[in-house]
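In what follows, a structure is listed as structure tokens, so that the remarks can point back to it.
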Protein chains: 2
Amino acid sequence: MNEYPSPDIADVELVDVLRALADPVRLQIVGMLADGKPYPKGDCLMGLDLSKSTASHHFRTLREAGLTRTIVHGRTHDIQLRRDELDEKFPGLLPSVLGSAPPT
Amino acid sequence: MNEYPSPDIADVELVDVLRALADPVRLQIVGMLADGKPYPKGDCLMGLDLSKSTASHHFRTLREAGLTRTIVHGRTHDIQLRRDELDEKFPGLLPSVLGSAPPT
DNA sequence: CGAACGGTTCGATGGTTGTCGAACTGTCTT
DNA sequence: AAGACAGTTCGACAACCATCGAACCGTTCG
């Protein structure tokens, strides 16, 4: 069912995480996922003006970089920041990125 | 005298910092500058196999993103990580990035 | 002075990335 | 069953980026 694979945390490279974060859209998405709870993808796009395909591309980028996981839930998908794993592998990274005040 | 301008810290955006860090070469350079002391540019390239122009490009990218400053010293240039300013503006970011296991 | 040195700049090139619309897949609702 | 719905995939396209060699610039040293 859940055939949207995210990489094993052991294979996640810092430079790939940084590259995934180095985009305004994805940074904002990650900001909305900060608490580590799953959210419907649609909700993450509030305020963002993107086509469906572009949004899908960003979700895929985040997932393949190891930042998020996708949970299929009927016809909607929930997306979740892999906080615990990432905090263990890159201590302090997410807090610093998320703590640096997004301008709304 | 040739000055190489870096942006005012107030104008430095997180996403630009992340983009500058999201490259293996630059990540390694920043790792060598971790202690915030100035180093000759040549010394930062040890172990890296780059043409002079490529190296110059990466130094420029780091400087323009606000990560480093350049100090002209005769015919050599010293490069310095702007640790204090960055630590104040993005608390925890550099420690987490630098602390995450550099190879070699 | 003139050559070597440390770096930058320029132009070109090939690869990557962000964006979109259109077509498609699978799920829910009526 | 027929739509509506949420999302992905597929080209396509333009912008960006890492890389290089060659030419260039200012400094030091013979």
Side-chain angles (χ1 to χ4, degrees), chain A residues 1-6 13-33 38-80, chain B residues 1-6 13-33 38-80:
Chain A
M1 243 356 203
N2 192 350
E3 35 195 316
Y4 289 96
S6 5
E13 304 259 11
L14 174 62
V15 69
D16 295 320
V17 171
L18 293 172
R19 190 158 31 223
L21 291 171
D23 175 276
V25 171
R26 292 192 293 266
L27 204 48
Q28 191 152 339
I29 292 174
V30 170
M32 300 189 194
L33 302 172
Y39 288 96
K41 286 186 174 174
D43 293 11
C44 304
L45 301 171
M46 301 215 309
L48 282 61
D49 189 20
L50 297 174
S51 70
K52 294 199 303 178
S53 45
T54 301
S56 188
H57 159 71
H58 286 302
F59 287 136
R60 172 200 269 265
T61 302
L62 287 171
R63 175 173 45 81
E64 290 183 340
L67 276 162
T68 62
R69 69 171 59 86
T70 298
I71 304 149
V72 178
H73 217 229
R75 68 182 160 181
T76 76
H77 297 183
D78 283 9
I79 186 177
Q80 182 180 27
Chain B
M1 268 311 161
N2 228 337
E3 270 300 317
Y4 290 93
S6 2
E13 304 261 10
L14 175 63
V15 69
D16 296 319
V17 171
L18 292 171
R19 188 154 34 218
L21 291 171
D23 176 276
V25 170
R26 291 193 292 266
L27 204 49
Q28 192 153 337
I29 292 174
V30 169
M32 301 191 193
L33 302 172
Y39 288 95
K41 286 186 176 174
D43 293 12
C44 304
L45 301 171
M46 301 213 310
L48 282 60
D49 190 19
L50 298 173
S51 69
K52 294 200 302 177
S53 46
T54 301
S56 188
H57 158 71
H58 286 302
F59 287 136
R60 177 205 262 280
T61 301
L62 288 170
R63 176 172 44 80
E64 290 183 342
L67 275 162
T68 62
R69 69 170 58 87
T70 298
I71 303 150
V72 177
H73 217 234
R75 68 181 161 183
T76 77
H77 298 183
D78 283 10
I79 186 177
Q80 182 180 26

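The chains referred to below are lettered A, B, ... by the order of the sequence lines, with proteins before strands, and numbering in each begins at 1. Quick caveat, the model's predicted, so the values are computed rather than measured.
Judged as a salt bridge (Lys or Arg N to Asp or Glu O under 4.0 Å), and not counting sequence neighbours, B/R75 has no contacts.
Between B/R63 and B/I79, the closest side-chain pair of non-hydrogen atoms is not below 4.5 Å. In this structure, B/I29 and B/L48 have side chains that are in contact, with non-hydrogen atoms separated by less than 4.5 Å. Looking at heavy atoms from C-beta onward, A/L21 lies in side-chain contact with A/L67 at the 4.5 angstrom threshold.
Minimum interatomic distance between B/P40 and B/D78 (heavy atoms only, all atoms of both residues): CA-OD1, 3.5 Å. Considering every non-hydrogen atom in both A/I71 and A/P38, the closest pair reads CD1-CB, 4.1 Å. Looking at every heavy atom in both residues, B/A65 comes nearest to B/V17 through O-CG2, 4.0 Å. Residues B/L18 and A/A22 approach most closely at C-CB, 3.7 Å, considering heavy atoms.
If you take CD of B/E3 and P of D/dG26, they are 15 Å apart, rounded to a whole angstrom. Between the NE2 atom of A/H77 and the P atom of D/dC5 there is a distance of 17 Å, rounded to whole Å. Straight-line distance from the OH atom of B/Y39 to the P atom of C/dG7: 16 Å, rounded to whole Å.
Using a 4.0 Å cutoff on non-hydrogen atoms, the parts of residues 41-52 of chain B near DNA chain C are B/K41, B/G42, B/K52, ordered by number. Only A/T54, A/H57, A/H58, listed by number, bring a heavy atom of residues 54-64 of chain A to less than 4.0 angstrom from any atom of DNA chain C.
Taking CZ of B/R69 as the start and CG of B/L62 as the end, the distance is 13.5 Å to the nearest 0.5 Å.
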Show each protein N/O and nucleotides 28-30 of chain D N/O combination with a separation under 3.5 Å, one pair to a line.
none

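Close to D/dC16, at under 4.0 Å from its OP1 or OP2, lies no side-chain N or O of B/R19.
Base contact: A/S53 has a heavy atom under 4.0 Å from a base atom.
Residue pairs meeting the salt bridge (charged side-chain N to carboxylate O under 4.0 Å, His left out) criterion with at least one partner in residues 20-29 of chain B, sequence neighbours excluded, are absent. Among residue pairs with one or both ends in residues 44-80 of chain B, those qualifying as ring pair (Phe, Tyr, Trp, His ring centres under 6.0 Å) are B/Y4-B/H77; sequence neighbours excluded.
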